[in-house]
Engineer: 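Sharing a structure here in structure tokens format.
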Amino acid sequence: MSVRVVVGAQWGDEGKGKMIDLMSETADIAARYQGGANAGHTVVIAGKKYVLHLIPSGILQKNTVCVIGNGVVIDPVALIEEIKMLESMGIEIKGRLFISHLAHLIMPYHKMLDRAREKKAAADKIGTTGRGIGPAYIDKINRAGIRIVDLLDRDTFEQKLRKNIEEKNELLKKIYKAEQLAVEPIIREYLDFDKLINPYIKDVSLYLNQAIKAGKKVLLEGAQGTLLDIDFGTYPYVTSSTPTSGGACSGLGIGPTFVDEVYGVIKAYTTRVGMGPFPTEMGDDDLVNLRELGDEFGATTGRPRRCGWFDAVIANYAARINGISAFALTKLDILDTLNEIKVCVSYEYEGKRITEFPSEMRILENCQPIYETYPGWESSTSEIKKFHDLPDNAKKYIHRIEELTDTGVAIVSVGSGREQTILV
Ligand code: IMP
């Protein structure tokens with residue numbers, strides 16, 4: 001591989017952090033292309049847990065250079081905190097992290113607006129992470145955003161910031177009846193970010209294009225997942241960016257002709273956080289408690305994740321939208337103790353069978369999942385290193401997923417550690 005995209009094939013939290021960390025071992029560069037500090041990539045190395053929100057998990061591999069593309073919205077406070085956290089753990093950052101000069105900044109008013117909008121929406125809320133993601137992308141599309149490059153020109157930066165804060169204060173006051181921001185302290189605080197961020201700023205598109213032409217191995221890392229995509233996800237219960245593979249090119253400034261393969265990371269069952277339809281969701285009184293078994297609590301917000309069975313309609317859709325070359329199947333070990341495992345193969349709506357993912361929320365909210373039930377393997381897989389050593393029922397489960405999605409499973413993860421990985 002020279003250029004590989006890694007995408008989430010469900011609603012995020014598929015275990016991309018671990019996969020990207022592993023794949024970065026053989027990559028020269030790991031590049032993040034969308035989202036912001038709403039993401040939470042958890043990586044466990046030698047029993048030590050690292051949670052990264054903005055910086056690609058490749059930073060944990062000594063020789064990998066990490067870049068953050070123009071498609072990412074960067075909260076400078078979160079970025080500096082993350083750099084400091086990694087440095088305090090002995091990880092070298094200088095010269096190994098580059099940030100696109102074209103990336104937009106998340107400001108305190110974006111976070112306030114995010115929370116105020118959610119509060120006002122009450123029962124209709126999206127269930128966002130409250131990290132200011134939606135409002136920052138609104139400003140970007142509205143041509144009112146502030147970019148990293150603006151940090152380099154203090155006068156323009158101050159002017160833009162002042163204008164934005166004044167406008168957002170009007171919104172906070174009149175529409176959301178929320179607390180307003182004091183202009184001067186923010187200007188003072190943010191004007192100083194130029195010094196801290198300056199060493200990392202780069203023309204990422206130019207850097208990546210040159211690296212690819214020089215034969216470097218590059219990993220393009222998506223955050224969130226296919227079903228949270230602004231176009232192809234369960235709109236409006238989505239994030240405000242393009243986590244699907246197409247976003248990798250526009251979020252980094254490289255052409256699609258450079259992409260060699262797309263890996264879809266998919267969990268052996270399904271989870272989502274936030275609101276919105278979820279056909280295979282289990283009820284609280286369900287006998288299987290995947291949340292406890294899989295420790296399904298958000299890495300960014302700590303919110304309990306909603307859990308359900310594997311949904312092949314979604315997996316198929318993700319394979320199509322992203323052009324997935326192979327799946328990396330994660331958290332198989334979480335199913336180890338179950339005596340029965342279900343797979344949703346299609347939906348039923350008003351007496352009709354649906355096999356393609358429906359775009360109408362009304363259908364998705366009211367359809368019934370049609371399940372196939374398989375016997376569990378009821379033994380531990382977490383120490384297994386080779387595919388043929390997996391219990392027969394686990395192999396059958398994986399092969400059925402491959403059949404239903406017409407996509408091969410190339411990697412199986414059976415635990416959070418780097419070593420708990422089976423290359424098929
Ligand atoms: P936002 O990205 O904070 O605007 O949130 C929009 C939706 O995306 C909400 O349902 C969030 O829970 C969901 N979301 C955002 N980031 C992640 C993630 O990293 N994993 C899972 N869900 C996420």
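These values consider heavy atoms only, across backbone and side chains, with no hydrogens, waters or symmetry-generated copies. Both counts, for ligands and for their atoms, begin at 1 and track the order of listing. This structure is a prediction, so every number in the text was calculated from the model and none was measured.
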Engineer: Does Thr239, backbone or side chain, put an N or O under 3.5 Å from an N or O of ligand 1?
Structural biologist: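 Between Thr239 and ligand 1, an N or O pair is found under 3.5 Å apart.
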
Engineer: What is the ring orientation for Trp11 with Phe278, classed by angle as parallel under 30°, tilted 30 to 60°, or perpendicular over 60°?
Structural biologist: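 Tilted.
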
Engineer: Identify the heavy atoms of Arg96 and Thr64 that sit nearest to each other, and give their distance.
Structural biologist: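 Taking Arg96 first and Thr64 second, the nearest heavy atoms are NH2-O, 2.8 Å.
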
Engineer: Closest non-hydrogen protein atom to atom 5 (O) of ligand 1, residue and atom name please, with distance?
Structural biologist: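 Checked against all protein heavy atoms, atom 5 (O) of ligand 1 sits closest to Thr128 CA, 3.3 Å.
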
Engineer: What protein heavy atom lies closest to atom 16 (N) of ligand 1? Include the residue and the distance to one decimal.
Structural biologist: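 The closest heavy atom on the protein side is Gln224 NE2, 3.1 Å.
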
Engineer: Just which atoms of ligand 1 are under 4.0 Å from any heavy atom in Trp11?
Structural biologist: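 The list of qualifying atoms is 21 (C), 22 (N).
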
Engineer: Working to the nearest 0.5 Å, report the span between CG of Asp21 and CD1 of Ile59.
Structural biologist: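 The CD1 atom of Ile59 is 11.5 Å from CG of Asp21, to the nearest 0.5 Å.
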
Engineer: Examine ligand 1 and decide if any of its atoms is less than 4.0 Å from a heavy atom belonging to Arg303.
Structural biologist: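 It does; at least one heavy atom falls under 4.0 Å.
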
Engineer: Taking the six-membered ring where the residue is Trp, are the ring centres of Phe387 and His399 under 6.0 Å apart?
Structural biologist: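 Ring centroids of Phe387 and His399 are less than 6.0 Å from each other.
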
Engineer: What protein heavy atom is closest to atom 13 (C) of ligand 1, reported as residue, atom name and distance in Å?
Structural biologist: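 The answer is Leu228 CD1, 3.8 Å.
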
Engineer: What residue and atom, counting heavy atoms only, is the protein's closest point to atom 6 (C) of ligand 1, and at what distance?
Structural biologist: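 Here the nearest protein heavy atom works out to Val238 O, 3.3 Å.
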
Engineer: Using a 4.0 Å heavy-atom cut-off, say whether Arg131 meets ligand 1 through its side chain, its backbone, both or neither.
Structural biologist: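 Answer for Arg131: neither.
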
Engineer: Taking the six-membered ring for Trp, is the centroid-to-centroid distance between Phe98 and Tyr207 below 6.0 Å?
Structural biologist: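 Judged by ring-centre distance (under 6.0 Å), Phe98 and Tyr207 do meet the cut-off.
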
Engineer: Output a table of donor-acceptor pairs, distance under 3.5 Å, between side-chain atoms of residues 309-323 and any protein atom two or more places apart or on a different chain; print 'none' if there are none.
Structural biologist:
unit_1 : atom_1 : unit_2 : atom_2 : d
Asp311 : OD1    : Val313 : N      : 2.9
Asp311 : OD1    : Ile314 : N      : 3.3
Asp311 : OD1    : Tyr347 : OH     : 3.4
Asp311 : OD2    : Tyr347 : OH     : 2.6
Asn316 : ND2    : Leu404 : O      : 2.8
Tyr317 : OH     : Phe232 : O      : 2.7
Asn322 : OD1    : Ser245 : N      : 2.9
Asn322 : ND2    : Thr226 : OG1    : 2.9
Asn322 : ND2    : Ala318 : O      : 2.9

Engineer: Give a yes or no on whether a salt bridge exists between Glu296 and Lys267, defined as a side-chain N under 4.0 angstrom from a carboxylate O.
Structural biologist: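 Answer for the salt bridge query: yes.
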
Engineer: Below 4.0 Å from any atom of ligand 1, is there a heavy atom belonging to Thr301?
Structural biologist: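 No.
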
Engineer: Which residue and non-hydrogen atom of the protein lie closest to atom 19 (O) of ligand 1, and at what distance in Å?
Structural biologist: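 Going atom by atom, the protein heavy atom closest to atom 19 (O) of ligand 1 ends up being Ala39 CA, 3.3 Å.
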
Engineer: With nothing but distance in play, are any N or O atoms of Asn38 less than 3.5 Å from an N or O of ligand 1?
Structural biologist: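 Between Asn38 and ligand 1, an N or O pair is found under 3.5 Å apart.
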
Engineer: Is the shortest side-chain N to carboxylate O distance from Glu372 to Arg400 below 4.0 Å?
Structural biologist: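 A salt bridge links Glu372 with Arg400.
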
Engineer: Between Glu167 and Lys163, is there a salt bridge with N-O shorter than 4.0 Å?
Structural biologist: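 No, Lys163 and Glu167 are not salt-bridged.
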
Engineer: Which one holds for Tyr237 and ligand 1: side chain close, backbone close, both close, or neither close, with close meaning a heavy atom under 4.0 Å?
Structural biologist: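 Neither part.
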
Engineer: Consider ligand 1: state whether an atom of it lies below 4.0 angstrom from any non-hydrogen atom of Gly127.
Structural biologist: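 It does; at least one heavy atom falls under 4.0 Å.
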
Engineer: If you measure from each non-hydrogen atom of Val273 to ligand 1, which part falls under 4.0 Å: side chain, backbone, both or neither?
Structural biologist: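 For Val273, backbone and side-chain atoms both sit under 4.0 Å from ligand 1.
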
Engineer: Examine Thr129 against ligand 1 and note whether any of their N/O atoms are separated by less than 3.5 Å.
Structural biologist: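 There is such a contact, yes.
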
Engineer: Can you report which non-hydrogen protein atom sits closest to atom 21 (C) of ligand 1, along with the distance?
Structural biologist: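 Looking only at protein heavy atoms, the one closest to atom 21 (C) of ligand 1 is Asp13 OD2, 3.1 Å.
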
Engineer: Honestly, is Arg117 close enough over Tyr176, meaning NZ or CZ under 6.0 Å from the six-membered ring centre and within 45° of the axis?
Structural biologist: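 Verdict for Tyr176: no cation-pi partner in Arg117.
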
